[in-house]
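Heads up: the structure comes next, in structure tokens.
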Amino acid sequence: MSPVFTVIVVILAILAIVDLIVGVSNDAINFLNSSLGSKIASYKTIISVAAVGILVGVLTSHGMMEVARNGVFHPEMFTFSEIMFLYVGVMLTDVILLDGFNKLGLPTSTTVSMIFELLGASMAVTVFKIYGGDLDAGIGEFVNGGKALGMISAILVSVVLSFIVGSVVMYFSRILFTFRYAKQFGRFGAVWCGVAIVGIIYFAMFKGLKSSGLITEEISGFISDNLLMVLGGVWLASSLLFFILQKLGVNILKITILSGTFALALAFAGNDLVNFVGVPLAGIDAYTLAQDGGSSMMMGGLNDPKMVNIEFLAIAGVVMALTLFFSKDAKKVSQTELNLASQQEEDERFNSTPFSRALVRYSVKLNEWYNRVLPASWVKYINTRFQPLSSDEKGDIIYDRIRAVVNLAAASILICIGTSLKLPLSTTYVVFMVSMGSSLADRVWGRDSAVYRISGVMVVIMGWFVTAFVAFGMSFIITSLLMFGGGYALAALVLIAAYILLKRFVIKSADATETEEEHLIDDGDAPEDVLYNCTQMVVDVMNQTSNIYNRMLVSLFTENRKGLKDTVAMSEKMYEEANKRKYEICSTVKKLQEQHIETAHYYVQIVDYVSEVSKALLHSTRPAYDHINNNHRGLSAEQIQDLKLINDKVDEIFRQISEMLAKKDFSQLDDVMVKRDDLFDTIAEIIKNHIKRVRNDSTSSSRASALFLNILSETKTMVLQARNMIKSEAYFLNAIKEME
């Protein structure tokens, strides 16, 4: 047997570990978000519960890997060499694809990606066999396309149904308990949590432990034959137990939410493990089968059921559990759903779209019709049940524990129903859409946030469908290259995949460091932090503006495209931070103590001037980059000389402002005013001279002239707003001193 196949087995083993890491990072959204969103326990406690659920789910799984072995294609139609190239093509695609979604912070389905990767790879091998070997056979004899069609239909059904069920259950749960649920929960909480536990326990048994061997066929058959009686008994028993615990002062919501987290993690590990290690283990089985038959042996043996060695499962479980503790990508993916479901005012991650704006407009009209049709007394009563909490009552939780229980229970029950009907549901899709439906019903998608959050949901949903097509396409291309190129193509593709992943991790670490270093300010909680950070913000803005402006001009003079691109990225980041600061003005002012309220309007002015300075800088860097990026003619020698003079004067003003800030001595403000006026006079004179040159020189570049005049105009705005900013900062600090 060729040593190439031994190398492939090693590559598959390595890719299995990498796939476990990137896959768990993405699917963490399934079992973490209800606990994290409600802050029912500390982060370490929540992760520990999920990790235990994963370990139990892995170790109690029979490890039947039928999807990877024969679920999408007919292995008896493929030789060993073809199967091995098929599997390595699938794994290379899966690692790159899931890592890409993690980088974007978007949840996707590992089930969908694996199914369509197998479909694409098997299709590539089939096409190679049929058209390369002149076989008299159809594609249907090699590939089972019905699985993919069933997956697409299940996506459509599960997305819509999950959203509706999450909305309805949350709506009536909130009417029952309201946001101030302590009193009502004391009356009905035990019964309500009992219903949730029924769904969670049934989910854990049906999805997590059904094939574990811990539940015998007799017990499983009895449960199936007497389902309503069993579920009713569990509900009564759990409700009674919760009632007793509640009287003893135990937090039964905490028990319910952590139980749901454990159950989701258990089922995830027991059922979705095939998505990560199924292909590598199937490759190892194929390698074992071919030891005697050689590379041309047909792989019909993969149709036989195969039990996975417990050591493999234990290693997989440990890798998955460790990933939960250390993966930053898991937090990033989870943050997407938490932001979209948050009851707090958030700095929205997604922009509005025409679709989301139209949907919100129609929803507003529908709500107006709804209020007209229902009796006024009903509308008034319902509105009292949805009376929102004040900022102090909300605290810092993403959403309350009632919604967390609804998310877990509704998702668990839906997944069980779908599984019993043999629908290939994705846990990711159901959990995410239930959470979005409950958010809508809970009225957290208000007029100020609905367009952004609907856009976010649409981005995630579109990403799910893109997953299928991209997985199929990438896997088809990669496997085709392997079939045509053999070992050489394998070496090249492995090196490319390794480079992509290494570059991703290196860039991610660098970006994280850069973010920590360049983040303008962090307001903290104490009033003293707000006052200190306001001054620090102004200092940082002046330093960054001077640095970016100088670098922009130097790069423009030398036509350095990369340097200009970097200045655009830095100025965009600065502008985004400034806008975020404006958005957070209200929450920041609330942190100030009573004696500092009189100075708040100075803080508002400073934040506004910071935004204007960063905007003027951005309006200089972007046109400069676009000019060079489009390969337009550079600035003339006279224009460069004029801008050098302007840069020297701007640098002198900014340096003097920075010195005043460092010393907190603003006695030279008038001197800055004089230098500012001198700069403006110089700019006016330069513009006059430039106009004369343009009139006398018919060969002058119109685009270069437009860029030159734009930079001069934005420089005036930037310096003007910087001087206003430092003036407000001086008033701000003086007012604080007077109060002290």
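None of the values given here were measured: they were computed from a predicted structure.
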Are the side chains of Y575 and S611 in touch, meaning some heavy atoms are under 4.5 Å apart?
yes
List the atom of P623, the atom of L618, and the distance in Å for their closest heavy-atom pair.
CD-O, 4.1 Å
Taking the side chain as every heavy atom from C-beta outward, state whether T717 and Q721 have any pair of such atoms under 4.5 Å apart.
yes
Counting only pairs under 3.5 Å, give me each side-chain donor-acceptor contact of residues 673-687, with atom names and distances, residues two or more places apart or in other chains.
from: K675; atom 1: NZ; to: E652; atom 2: OE2; distance (Å): 3.2
from: K675; atom 1: NZ; to: Q656; atom 2: OE1; distance (Å): 2.6
from: D678; atom 1: OD2; to: K649; atom 2: NZ; distance (Å): 2.8
from: T682; atom 1: OG1; to: D678; atom 2: O; distance (Å): 2.8

Residues which pass side chain to side chain donor-acceptor pair (under 3.5 Å) with K562, listed by chain and number, not counting sequence neighbours:
D566
Kindly indicate whether the side chain of L20, heavy atoms from C-beta on, has any atom under 4.5 Å from the side chain of T323.
no
Separation between CG of L720 and OG1 of T715, rounded to the nearest 0.5 Å:
12.0 Å
Straight-line distance of L92 CG to M474 CE, nearest 0.5 Å:
9.0 Å
Side chain S614, main chain V610, donor-acceptor under 3.5 Å
yes
Once rounded to the nearest 0.5 Å, what's the spacing between atom CG of L645 and atom CD1 of I640?
14.0 Å
Which atom names give the shortest non-hydrogen contact between E559 and G634, and what distance separates them?
OE2-CA, 3.4 Å
State the CG-OH distance between N647 and Y549, to the nearest 0.5 angstrom.
6.0 Å
Tightest non-hydrogen contact, residues T545 and F654, listed as CG2-CE2, 3.4 Å
Under the side-chain contact (heavy atoms from CB on, under 4.5 Å) rule, what do L635 and F557 come out as? Steps first, then yes or no, please.
CA-CA 7 Å; L635 300 180; F557 298 159; 4.3 Å; yes
Would you confirm whether Q639, through its side chain, and S636, through its main-chain N or O, come within 3.5 Å as a donor-acceptor pair?
yes
Could you tell me whether a side-chain N or O of S713 sits under 3.5 Å from a main-chain N or O of L709, the two making a donor and an acceptor?
no
Quick check: do L556 and L707 have side-chain heavy atoms less than 4.5 Å from each other?
yes
Student check: side-chain heavy atoms of L564 and N629 closer than 4.5 Å:
no
Could you walk me through whether I47 and L32 pass the side-chain contact (heavy atoms from CB on, under 4.5 Å) check?
CA-CA 8 Å; I47 293 296; L32 291 181; 3.8 Å; yes
Is S555 reaching over with its side chain to a backbone N or O of M552, donor-acceptor style, under 3.5 angstrom?
no
Side chain proximity check, Y399 to D442, heavy atoms < 4.5 angstrom
no
Roughly how far apart are S546 OG and R551 CZ, rounded to 0.5 Å?
13.5 Å
Separation of I548 CD1 from M574 CE (nearest 0.5 Å):
6.0 Å
Please check this pair: side chain of S571 against backbone of V568, looking for a donor-acceptor N/O pair closer than 3.5 Å.
yes
Nearest heavy atoms of A704 and R633, plus distance in Å
CB-O, 4.1 Å
Side-chain touch L643/L712, heavy atoms, less than 4.5 angstrom
yes
Residue pair T467 / S113: nearest heavy atoms and the distance that separates them:
CG2-CB, 3.9 Å
If you define the side chain from C-beta out and look only at heavy atoms, does anything of L36 sit under 4.5 Å from Y43?
yes
Name all residues meeting the salt bridge (charged side-chain N to carboxylate O under 4.0 Å, His left out) criterion together with R723; count only those two or more places apart in sequence or in a different chain, and write none if there are none.
none
Could you pull out all residues at least two apart from S620 that satisfy side chain to side chain donor-acceptor pair (under 3.5 Å)?
none
If we ignore hydrogens and angles and just use 3.5 Å, is the side chain of N547 paired with the main-chain N or O of M542 as donor and acceptor?
no
Any salt bridge (Lys or Arg N to Asp or Glu O under 4.0 Å) pairs touching residues 635-645, not counting sequence neighbours?
D642-R693
If every non-hydrogen atom of I17 is compared with every non-hydrogen atom of V319, which pair is closest and at what distance?
O-CG1, 4.2 Å
Is there any salt bridge (Lys or Arg N to Asp or Glu O under 4.0 Å) pair reaching into residues 614-630, and which pairs are they, with sequence neighbours excluded?
E572-R622, E612-K615
